[in-house]
2 protein chains.
Amino acid sequence: MSVSTENFIKAIYLQNQREGTDVKPGTLAKMLRITNAASTDMARSLAAKNLIVYTKYKPLSLTPEGQLLAMNVLRKHRLWETFLHQTLQLSLHEIHREAEMLEHFTSDFLSEKIDCFLGYPATDPHGDPIPTADGQARNDAQSIALSTADAGKIYTIVRLFSSDADFFDFCAANHIALNSEIKLERHFEHQKMSEISIKGQHLVLNETFTKVIYVQTKS
Amino acid sequence: MSVSTENFIKAIYLQNQREGTDVKPGTLAKMLRITNAASTDMARSLAAKNLIVYTKYKPLSLTPEGQLLAMNVLRKHRLWETFLHQTLQLSLHEIHREAEMLEHFTSDFLSEKIDCFLGYPATDPHGDPIPTADGQARNDAQSIALSTADAGKIYTIVRLFSSDADFFDFCAANHIALNSEIKLERHFEHQKMSEISIKGQHLVLNETFTKVIYVQTKS
DNA sequence: ATAATTTTTTAAGCTCACTTAACTTTTAAT
DNA sequence: ATTAAAAGTTAAGTGAGCTTAAAAAATTAT
């Protein structure tokens, strides 16, 4: 599969995960920095290849074949991120950019070797689950997005589900990191903003951020 | 630069190295498994980009810019080969295939990290010199191709300058490996074939093979 | 030196992954 | 419910990197 195809399929999967919401060509166009026209075109052509289900003006979804492809690309991406971070000491800021390229040019054979070398990790350095070689998503059942968490409770950060450099810059500047303790002080209005405290510091986060910070109740 | 461009430039460089001879579109077409027409087309377009010097019906050569690009791609290729072999335990058979893909999608930043991790090696697992970050070829002055070596003398194998899987299979099956001792028994006829002995075994090699086995006089 | 063969080049055409521009459908606002 | 705005779609066109087929030049064989 081509780079464009893999990225399109991956974007559908990720968007479905991050927001529960419908995915339409426009959303993907923004994610992939192409025009709506190109996105619609791609949707039609991938539907013809039986990778996605697509009817004009309706939301897109992955077929089982598309899902498998998404898992395979995401597996390679996350294995590379883990590898680049653990072995080559690249920072959390740097790994995404490199993995974004390498994921498309890594054979199944090589990804197996990397997986083996790393000792079959379950998650990457952002806490994102690494799909298995047979295409299973390996979902973390007990973690929830901060946006859906309860005000007043204390949680542990288990996942930073983003690929936005600005978000990671913000995290680095504000002690938001995996395994850190975080208190959700309160949600404002219709959950559009939330106040948290971390390492004694109080912060107000917008919805975009609270949707990608995944937490678990302290056990 | 695109994958096609990088491969074209790399092929010119490698062909110049392996045979001292002229490189014309047909040679590159065979190496890259494209038609002569496509090769000629590519030559014209890369000349327009000032990467190669090209006049109709004449041999091609690299400009300084083209040379730099070749060094950069080759550097990444050989760093990956070294890394895949040393760190991920891929065999000499497997590393070329993977490096051939990864070389085109590796930032200068990442290749630096790999180089550092490996301790700035001078050669890859085939004995091929790894160009420096500033684009120097790092040539091994004292090694020569077996085809130009003296009959009756004993040498040490220092480089297997090939990317042909069949050649490496042959090497593996006949104890031809880096640092092995090899005796050049004699050249037949117009140097088209040569007899060697290695680990007590006598073999006759064709010119293609003797041109890619590089040796040094035992010191 | 001439002819036969091989190599190189040109021309026309294809697919992929885009673009812009015009148009249609859906969604949101009043 | 109607209308304005936003989103989605279609159509036409582009450039890269190929292909096949035909023509031109260079090489080789006699």
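Here is how names work: the chains are called A, B, and so on, in the same order as the sequence lines, proteins then strands, and each is numbered from 1.
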Check each residue of residues 3-16 of chain B for a non-hydrogen atom within less than 4.0 Å of any atom in DNA chain C, then write out the ones that pass by number, or none.
none
Filter on ring-ring contact (aromatic ring centres under 6.0 Å, His included), then keep only pairs touching residues 41-79 of chain B, sequence neighbours left out; what's left?
B/His77-B/His96
Nucleic acid contacts - residues 40-53 of chain B versus DNA chain C, non-hydrogen atoms under 4.0 Å:
B/Thr40, B/Arg44
Partner of A/Leu60 under side-chain contact (heavy atoms from CB on, under 4.5 Å), picked from A/Leu28, A/Val53, A/Asn16, is A/Leu28
Please give the angle, rounded to 10 degrees, between the axes at the start and the end of the helix from C/dA1-D/dT30 to C/dT30-D/dA1, where five pairs define each axis.
10°
Between B/His187 and B/Ala149 (side chain of the first, backbone of the second, donor and acceptor by atom type, cut-off under 3.5 Å), is there such a pair?
yes
Could you check B/Lys76 against B/Asp108 for side-chain contact (heavy atoms from CB on, under 4.5 Å), going step by step and ending with a plain yes or no?
CA-CA 8 Å; B/Lys76 285 165 184 174; B/Asp108 290 350; 2.8 Å; yes
Nearest-nucleotide wise, let me know which of B/Pro25 and A/Ala37 is further upstream toward the 5' end of DNA chain C.
B/Pro25
Ignoring hydrogens, what is the shortest heavy-atom contact between B/Ile130 and B/Arg75? Give both atom names and the distance.
CG2-O, 4.2 Å
Any chance the rings of A/Phe168 and A/Phe209 have centres within less than 6.0 Å?
no
Can any side-chain N or O of A/Tyr155 pair as donor or acceptor with the backbone N or O of A/Asp150 at less than 3.5 Å?
yes
Identify the residue among B/Ile196, B/Ile144, B/Val158 that makes a side-chain contact (heavy atoms from CB on, under 4.5 Å) with B/Val215.
B/Ile144
Determine the contact category for B/Ser2: base if any of its heavy atoms lies under 4.0 Å from a base atom, sugar-phosphate if only primed atoms, P, OP1 or OP2 are that close, otherwise nothing.
sugar-phosphate
Could you tell me from which nucleotide to which nucleotide of DNA chain C, 5' to 3', there is an atom under 4.0 Å from chain A heavy atoms?
C/dA17 to C/dT27
Outer limits of DNA chain D sitting under 4.0 Å from a non-hydrogen atom of chain B, read 5' to 3', are D/dG17 to D/dT27
For B/Ile95 and B/His126, which heavy atoms make the closest approach, and how far apart are they?
CD1-CE1, 3.7 Å
Is any side-chain heavy atom of B/Phe167 closer than 4.5 Å to a side-chain heavy atom of B/Thr208?
no
On the ring face of B/Tyr13, is B/Arg18 found with NZ or CZ under 6.0 Å from the centre and within 45° of the axis?
no
Polar side-chain atom of B/Thr82 near backbone of B/Arg78 as donor-acceptor pair, under 3.5 Å
yes
Which comes earlier along DNA chain C counting from the 5' end, the contact point of A/Ser39 or that of B/Asn36, where each point is its nearest nucleotide?
B/Asn36
Main-chain N/O of A/Lys58 paired to A/Thr55 side chain as donor or acceptor, under 3.5 Å:
no
Over 12 foreign heavy atoms within 6.0 Å of CE, B/Met1
no
side-chain hydrogen bond (donor to acceptor under 3.5 Å, both in side chains) between B/Ser107 and A/Glu98, intermediate numbers included
CA-CA 7 Å; B/Ser107 65; A/Glu98 305 294 337; 2.8 Å; yes
